[in-house]
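Structure, as structure tokens:
Since the model is a prediction, treat every value here as computed from it, not as a measurement. So that the names make sense, note that chain A is the first sequence line, chain B the second, and so on, each numbered from 1.
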Amino acid sequence: MKLTYKEMDYTFNEIEPKWQEYWKKNKTYKVVEDKSKSKFYVLDMFPYPSGAGLHVGHPLGYIASDIYSRYKRLNGFNVLHPMGYDAFGLPAEQYAIQTGQHPAKTTDINIKRYREQLDKIGFSFDWSREVRTCEPQYYKWTQWAFVKMFNSWFNIDAQKAEPIEKLLLEFEKNGNTKVNAAHSETTEFSASQWNALSEKDKEEILLNYRLAYLADVMVNWCPALGTVLANDEVKEGLSVRGGHPVEQRKMRQWCLRISAYAKRLLDDLERLEWTDSLKEIQRNWIGRSEGAEMLFKLKDSESEILVFTTRPDTIYGATFMVLAPESELVDSLTTPEYRSAIEGYIADTKKRTERERMSEAKKVTGQFTGSYAINPFTNNPIPIWISEYVLAGYGTGAIMAVPAHDSRDLLFAKTFGLPIVQTVIRPGETPSDPSTWSESYDSKEGIVINSDIINGLDVKSAISTINNFVEEKGIGKKKINYRLRDAIFSRQRYWGEPFPIYYKDGIPYPLEDKQLPLELPEVDAYLPTEKGEPPLGRATNWQTSEGYPYEMSTMPGFAGSSAYYLRYMDPTNSEALVSKEANEYWENVDLYIGGTEHATGHLIYSRFWNKFLYDLGYVCKDEPFKKLINQGMIQGRSNFVYRVKGTNKYVSLNLRKDYDITEIHVDVNIVDNDILDTAKFKTWRPEFADAEFILEDGKYICGWAVEKMSKSMWNVVSPDDIVNRYGADTLRLYEMFLGPLEQSKPWDTNGIDGVFKFLRRLWRLFHDNNNSFAVSNEAATPQELKTLHKTIKKLTEDIEKFSFNTGVSAFMICVNELTEQKCNKRAILEPLTVLIAPYAPHIAEELWSLLGHSTTVCDAQWPVFDGKFVVDSTFTCPVSFNGKTRFMIDIPLNLPKEEVEKMVLENENTAKYLEGKPLKKIIVVPNKIVNVVV
RNA sequence: GCGGAUAUGGCGUAAUUGGUAGCCGCGCCAGACUUAGGAUCUGGUGCCGUAAGGCGUGGGGGUUCGAGUCCCUUUAUCCGCACCA
């Protein structure tokens, strides 16, 4: 659709820039703490400013949150709706490596472009609160929080973080034997042992307790990127960014003891208004499993092996034991005759990457160590094996294998000919020979057999009986394990937050608060040094004034985004991350909208970060995001042309069957409603200049497919193009009209004309045939009032439940009805203008000012629904026979059932559908339906 | 393999939560205005059928006076996790 200027009565291209300028000049969206009003905090996941700019998928969530923010403001709330940039990141650094340009420079350019694009869509962001994670005055507080974590430990009994000083006092008084602290592997020591240690040794031990700590950990090392990646930055053995191979390597890294918070992160999910699926993803990620740890004595030895099991009830069926190949016990367990076999097996597993292991997941491998443990209940010796299927990092790295009741154990037992003993049976069944089973019986339903002291019990009571028994005998205890692992927090990269850490005698010390921020130094190249140190190793004088070297790694991407929502509350405060006053006013985020791709990364890290700050009393709420909505992804909708093979002829979609053709992606920006602009096609690329077309009905119709929105598919649509062509209000309405917010959908401009037409019809309600503003002050008719109030009700409900697509449709119905009623009454159009303001703020401002207002429509009042305008005196009731609707009758509202029955039976149509058959029953649902059962 | 989500006209979708299936929009068909129309307006448009009528919410079964909605089962697609003991 192309309109000439003259024809256009609704001149969005004049209206929109005008009001954007007005908002800027009048600081319409600036918000300050105001205790006389209730607060509401609406947050979008801030974008990483990439060089490609925004495409139409990005604003989807922003539009939804903007509608909600504006709606809340119209309802009298003081709404915080900020925006900023997650500005540290790999692409800028990669670009810097290639071009030598400082990443700060390209980031700045990209941010400017993002801002222009965002401004054109008319968002109500308070830009005075903008944050950029790469700015020193912002990352000062990222570093500050890290220092706080360094200086804290986790008290398991209190389930909270506490200052490290408290732990020091405890060590001096009692050593580490009494305190219940989250820690890395460490040995026990008494108070006198502790007090005798050197400072260096004390610091080494303390690192095992700090929430931010240094440890030698197996990391995902990506040689191509020269850095370590977090688990969620690796997919199928390749880096998510760039797709480079990733290998396992042991390195000394900064870690965050997020595992200490596993219980709280899991339990507190209950209180959040997040979708069940998202909570489920987090639950899976945290991975709680309830079980018991049990000690198995070795045969012919004094040592013991600790195993973790979730099925202590099956202990009588434990016929062998399996250790992870990496387990430290393996060496001492291996008997001379098996040593070479064990060493061979371990060497094999080490050689294979995680990726290879995964692709051969079904293959069963293992090796006998030569040693035996004693099953503490049967007292039978059981062989100890090692196998890849036991993970060193989970539980104790050792399992008691119960082949009858665990599928992997069964497979293993069958492969290596180990004994299988059934100990659980389905109620009512008789035991069978488990060596003939094709599947193990893993279910937690059943009755225990072959198990001495627990025979005849159901699984649940058998578990607690065994647990009590082992605890009494001191050979085990109940234990809850979590899958969640500590976050590795070092990156061997330039473009990130420097650690506020220096080393004295090889021991890390944090900087004082007043020394923060520790600014990112200049370097001559953004690459590792010759010695293999991170890029910061190139900086001159990367040391304290006393000459102690600074840490050379930088923080990972999630560091800066873990507390940004707090900084928005008080973005320029130089004394604190956020002042107590600002934090107590804004509290936490009421509504958070963003993509589901952050389910296990950002959304876990920031919950952890926030809980930590809460423990130390810096913030007043222990969860950052009360309600969270995941907007669906916008996929691309690609278009194709069909080239007849060996020619430069292109055949239209429905004629292509008659030809031998090649499918070619065509730029969707030269296709309209699947019809190719053949002239533009010829100028698109040189090879198409003399293209010929085989048309159908005079048109070239393109094929289409839903694919990822990407440059190579030629299906990227920029919001700028839509804004230029139809205006921002049309873009906003259309993105909402596309379907439910949470649902993924392809971007398809085919329906956008309908939304644009709707805005023009709205405009015309306020104008006469000469496009002069013409609104009457006459009283509204009952019919007009009914239309209005129906719409008020529907829209209020829809916004409250984030059903923005049905909201747009309600507007269309309303404008259609008012157009039919030829309504131009102020009493109707003025409230309507307010209703539409959250969705289409520019046209609403224009109409609002035409209606004679001198203040912004943002400060109007949301219309109040009055039921008295929508009541009917009669109801058109559907009458159905055996559930099939046959005809309608008008009946007075709230007519007693008996009279409705009478009316139906007397109706001339009834006899026809009874067909002489006897009437069985008649069901009358008041004001809903009548069903006649024949 | 485990967990989660989705499935309705040619297309995007809607359905007061167990009560008229297909609202709104696109597209399509017909007409009006017009020098013209990719503008605007009017009417039509789930499928089969000339019609009467029949059939219809991925498939099969069930509960119910009544099922897109609830239960069982099955298929397909998408997403998350993946030897977690």
Side-chain angles (χ1 to χ4, degrees), chain A residues 1-4 7-8 275-285 287-289 291 307-311 314 322 357-358 361-364 387-391 393-402 405-409 411-412 442 481-484 596-597 599-600 630 632-633 635 672-675 699 704 734 737-740 742-746 748-755 757-758 760-761 764 793-794 797 803 805-806 808-814 816 819 876-888 920-925 927-934:
Chain A
M1 176 167 39
K2 200 164 208 167
L3 293 171
T4 63
E7 283 168 318
M8 199 141 57
T275 59
D276 288 338
S277 68
L278 191 71
K279 287 192 202 178
E280 200 56 36
I281 292 172
Q282 291 221 339
R283 277 189 205 109
N284 274 334
W285 193 258
R288 179 184 195 272
S289 63
V307 302
F308 175 70
T309 178
T310 55
R311 294 294 301 273
T314 60
V322 188
R357 278 210 210 177
M358 266 163 63
K362 294 268 141 61
K363 226 168 110 186
V364 182
S387 174
E388 278 185 327
Y389 85 89
V390 176
L391 307 176
Y394 185 78
T396 61
I399 62 159
M400 61 177 216
V402 185
H405 305 293
D406 181 286
S407 52
R408 295 150 306 175
D409 295 347
L411 208 57
F412 195 83
D442 295 4
N481 257 328
Y482 295 95
R483 199 179 74 100
L484 184 70
T596 180
E597 66 271 21
T600 52
N630 289 119
M633 245 198 305
Q635 296 139 308
D672 195 12
N673 282 0
D674 290 335
I675 297 163
K699 298 168 193 163
W704 60 274
Y734 187 59
F737 189 61
L738 232 35
E742 295 93 330
Q743 213 166 288
S744 283
K745 53 230 154 188
D748 181 353
T749 24
N750 282 352
I752 201 167
D753 285 357
V755 168
K757 274 191 231 169
F758 154 74
R760 298 186 67 196
R761 283 167 72 112
R764 259 179 270 129
K793 181 165 190 277
K794 176 80 176 138
E797 287 167 0
S803 178
N805 55 325
T806 53
V808 178
S809 139
F811 279 128
M812 289 173 169
I813 294 167
C814 175
N816 287 350
T819 303
T876 308
C877 182
V879 180
S880 58
F881 291 79
N882 291 337
K884 283 199 195 305
T885 308
R886 294 303 182 176
F887 59 90
M888 315 289 274
K920 226 191 213 163
K921 201 175 172 189
I922 182 161
I923 288 150
V924 178
V925 185
N927 304 329
K928 276 263 166 75
I929 200 168
V930 174
N931 191 18
V932 184
V933 187
V934 190

Checking only heavy atoms, does the side chain of A:Asn284 share a donor-acceptor pair with the base of B:C81 at less than 3.5 Å?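 Answer is no: no donor-acceptor pair is held.
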Using atom [atom1] of [X] as one end and atom [atom2] of [N] as the other, report the distance to the nearest whole Å.
X	N	atom1	atom2	answer
A:Asn805	B:A15	CG	C1'	12 Å
A:Asn630	B:C79	CG	P	15 Å
A:Ile923	B:A67	CD1	P	11 Å
A:Ile922	B:G66	CD1	C1'	14 Å
A:Lys884	B:C55	NZ	C1'	8 Å

Applying salt bridge (Lys or Arg N to Asp or Glu O under 4.0 Å), name anything that partners A:Glu742, two or more places apart in sequence or on another chain.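 For A:Glu742 there are no salt bridge (Lys or Arg N to Asp or Glu O under 4.0 Å) partners, ignoring immediate neighbours.
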Restricting to salt bridge (Lys or Arg N to Asp or Glu O under 4.0 Å), what partner residues turn up for A:Lys928, sequence neighbours left out?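 For A:Lys928, no residue satisfies salt bridge (Lys or Arg N to Asp or Glu O under 4.0 Å) once neighbours in sequence are set aside.
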Report the base-pairing partner of [N] (Watson-Crick or G-U wobble, both distances below 3.5 angstrom), or none.
N	answer
B:A76	B:U6
B:A21	none
B:U16	none
B:G1	B:C81
B:G27	B:U45
B:U40	B:A32
B:A51	none

Heavy-atom distance under 4.5 Å between the side chains of [X] and [Y], does that happen here?
X	Y	answer
A:Val933	A:Asn882	yes
A:Thr596	A:Met633	no
A:Ile752	A:Phe737	no

Given B:C24, B:C26, B:A85, the nucleotide with the shortest approach to the side chain of A:Ile813: B:C24
Any idea which of B:C41, B:G25, B:C81 is nearest the A:Arg761 side chain?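 The answer is B:C41.
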Residue met sooner reading RNA chain B from 5', once A:Lys928 and A:Phe308 are mapped to nucleotides: A:Lys928
By nearest nucleotide on RNA chain B, pick out whichever of A:Lys794 and A:Asn931 is the more 5' one.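 Its nearest nucleotide lies further toward 5', so the answer is A:Lys794.
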[atom1]-based separation of [M] from [N] [nearest Å]:
N	M	atom1	result
B:U69	B:U16	C1'	13 Å
B:G43	B:G61	P	42 Å
B:U74	B:U64	P	23 Å
B:U77	B:G22	P	31 Å

Relative to the ring of A:Phe887, is the ring of A:Phe881 parallel (under 30°), tilted (30 to 60°) or perpendicular (over 60°)?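 Because their plane-to-plane angle lies in the 30° to 60° range, the rings of A:Phe881 and A:Phe887 count as tilted.
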Heavy atoms only, 4.0 Å cut-off, all strands: where does A:Val925 land among base, sugar-phosphate and nothing?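 If one applies the 4.0 Å heavy-atom cut-off, A:Val925 turns out to touch a base.
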Anti or syn - B:U17, cut at 90° from 0: syn
Syn or anti for B:G9, given that syn means the glycosidic angle lies within 90° of 0? syn
